[in-house]
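Remarks on the structure that follows.
When a residue number appears, it is its place in the shown sequence, counting from 1. No experiment lies behind these values; they were computed from the predicted model shown.
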Amino acid sequence: MGFGLATAPFADTDDESFFFPSDQHLRALEFMGHSLWTNARLGVVTADHGCGKSLLIKRLLNDLDERIVAAAIQRENVPARDFLQEILRQFGFALEETDKTDRRRCLERFMSHQASMGRICLLVVENPQAMHPSVLEELRSLAAAEVDGVRVLKVLLIGQPSLNLVLESPRMAELVSAKAPRFSLGPLTEDQTAAYVAHRLRAAGAANPDALMPYTLMAHIHACSGGVPARINKLCARALAWAASEGAPLVTTSALDHATEELGWQYKRPVAPLALTDDIAAPAAAPAPRGKLVITMQGLPDREVTLEGGRILVGRGEEADVSIDSVFVSRYHALIVHDNGQDLLLDLGSTNGLVVNSRRILRRALRHRDLIQVGPARVMYFNEHAAATAQPDPGETICFARPGFPHAAGEEEAGALLAFGRLDTSG
């Protein structure tokens, strides 16, 4: 692969290690989990092409437990009969093409049986806006199936924005009411684009992403890609190829310009601002003080880490900036991103999660004296500047405990709704 990488960092892949937990994607997962575990029988997620819908579906399905029987249809050009047969196959049926069994009736009986066993049947359909009307008719009929007046199928529709036009058609009115919950997944911001590129490079084996694709290139990458992950992947892959052809040890401005031109995309480099006068330079703004982490293990001081640079990786591997050697810490456990003067803590899909001030979180803008639990390590965040400028974080995302996890202080024991599909239904 070159550049010390074990695999292509920007290839189209379903490998979960390449999933980047942006604020938008975590909120989309939370929305899908909420749709599954509440009375809503349908949820709709829309996003532009290339925003990572397929990885979202895989992430959701991998986190479901034995109470859910799930099928995911991700083929657009599928005939109605094959649509039903594929659902049956994923539900565990093996029907031959020549089998004359009424597939819809078979599915309805199966879903009724699962409902009687206390299980939920889930059907995830990607890009239904591109499917044939006969397939949508089968979907509508399945979603309407009832046992004792209760719907027996949960449906998640994930597609491009034009999906909303399809769902607003008179024929689909029975399936989608005006109050059906919907979520729109947006592109990445410039800072998220930088974190995304670094995450993909690390997942591919890069020990120092900044040394391979410098942070100074990120404004160019974001401007050309619009923050759409698929476009970021395409541009970065071409830039890496150009850097390799030039024999450069890293992606240069020249390589990125060549890649942009090859793809036919537009980018205008920003013009440096003029000085205020010929004799008096504008005073440089004093940089905001950076935070530090004080780490203790088993109650004993371990080390202090000053947060420098744009991204700090926390994990078990040697490539981590903050390495914690414990089986309870994932290789890529968490990321601290410096964004607009704040340090944002992001869970990278770790096995055992993050606890901040006794609450399990997926994302948080860190504040002075926040206490972070990472496996056996207690990590105290110090930054008095963060205390002075602290504002409510509208993007903070809480994750409630999964079965087998000990409850953190303040978590409800019953009736707690979980971001990724865990619910105590006793209430």
Side-chain angles (χ1 to χ4, degrees), residues 6 9 15-23 25-26 29-30 55 58-59 62-63 191-192 194-210 291-298 302-339 342-367 370-382 395-402 404-406 408 411 418-420:
D15 186 342
E16 275 206 276
S17 64
F18 285 87
F19 176 79
F20 177 68
S22 75
D23 175 46
H25 289 80
L26 292 177
L29 284 169
E30 183 177 6
L55 273 175
K58 183 171 183 180
R59 188 63 179 263
N62 284 351
D63 205 60
D191 287 324
Q192 289 172 337
Y196 173 83
V197 171
H199 176 74
R200 298 281 298 210
L201 288 170
R202 285 189 188 277
N208 186 354
D210 278 337
K292 70 175 181 179
L293 306 177
V294 176
I295 304 171
T296 59
M297 299 286 288
Q298 298 180 345
D302 186 76
R303 63 191 185 277
E304 292 188 8
V305 177
T306 300
L307 300 180
E308 298 177 345
R311 297 175 297 282
I312 302 293
L313 175 66
V314 180
R316 189 177 70 243
E318 294 180 357
E319 65 273 29
D321 301 297
V322 179
S323 181
I324 301 173
D325 186 13
S326 169
V327 296
F328 297 104
V329 177
S330 299
R331 182 179 178 187
Y332 303 114
H333 199 99
L335 194 67
I336 299 175
V337 180
H338 192 63
D339 177 27
Q342 288 185 313
D343 290 314
L344 302 179
L345 178 65
L346 304 172
D347 189 331
L348 294 180
S350 61
T351 302
N352 291 306
L354 291 168
V355 176
V356 179
N357 303 332
S358 299
R359 294 198 304 175
R360 301 183 187 280
I361 67 97
L362 298 172
R363 178 196 185 277
R364 176 176 171 82
L366 291 172
R367 300 188 181 187
D370 271 351
L371 178 59
I372 310 163
Q373 189 80 38
V374 185
R378 291 167 61 86
V379 182
M380 183 73 78
Y381 173 79
F382 289 94
E396 180 166 333
T397 310
I398 300 172
C399 178
F400 299 92
R402 298 193 289 269
F405 276 34
E411 289 183 357
L418 299 187
F420 300 104

| query | Between atom CZ of Phe382 and atom CG of Leu293, what is the distance when rounded to the nearest 0.5 Å? | reply | 10.0 Å
| field | Euclidean distance, Phe20 CZ relative to Leu55 CG, rounded to 0.5 Å | value | 13.0 Å
| Going from CG on Asp325 to CZ on Arg316, what distance comes out if it is rounded to the nearest 0.5 angstrom? | 8.0 Å
| message | Using a strict threshold of under 4.0 Å (side-chain N to carboxylate O), is an ion pair present between Arg360 and Asp347? | response | no
| field | Student check: side-chain heavy atoms of Val374 and Leu354 closer than 4.5 Å | value | yes
| field | Spacing of Met380 atom CE and Ile372 atom CD1 [to the nearest 0.5 Å] | value | 9.5 Å
| task | Please step through salt bridge (charged side-chain N to carboxylate O under 4.0 Å, His left out) for the pair Arg311 and Asp321, ending with a clear verdict. | result | CA-CA 9 Å; Arg311 297 175 297 282; Asp321 301 297; over 6 Å; no
| task | Identify the two heavy atoms, one from Ala195 and one from Leu335, that lie closest to each other, and give their separation to 0.1 Å. | result | CB-CD2, 4.3 Å
| said: Using 30° and 60° as the class boundaries, would you call the ring planes of Phe19 and His25 parallel, tilted or perpendicular? | reply: perpendicular
| Closest contact, heavy atoms only, Ile312 versus Glu308 | CD1-O, 3.3 Å
| field | Heavy-atom closest contact (Arg202 atom, Ala207 atom, distance) | value | NH1-O, 3.7 Å
| field | Whether Gln373 side chain and Gly375 backbone form a donor-acceptor pair below 3.5 Å | value | yes
| field | Inter-residue atom distance Tyr196.OH - Ser22.OG, 0.5 Å rounding | value | 10.0 Å
| Can you find a pair of side-chain heavy atoms, one from Lys58 and one from Asn62, that are under 4.5 Å apart? | yes
| query | Which heavy atom in Pro376 sits nearest to a heavy atom in Phe328, and how many Å separate them? | reply | CD-CB, 4.4 Å
| Out of Ile324, Val379, Ile295, which residue meets the side chain to side chain contact (heavy atoms under 4.5 Å, CB included) rule with Asp302? | Ile295
| With side chains defined as the heavy atoms from C-beta onward, is the minimum distance between Leu313 and His199 less than 4.5 Å? | no
| note | Heavy-atom closest pair (Met297 atom, Ala377 atom, distance to 0.1 Å) is SD-CB, 3.4 Å
| Side-chain heavy-atom pair Leu307, Tyr381 within 4.5 angstrom cut-off | yes
| field | CG-OG1 distance between Leu371 and Thr296, expressed to the nearest 0.5 angstrom | value | 8.0 Å
| request: With the side chain counted from C-beta on, respond yes when Arg364 and Asp370 share a heavy-atom pair under 4.5 Å apart, and no when they do not. | output: yes
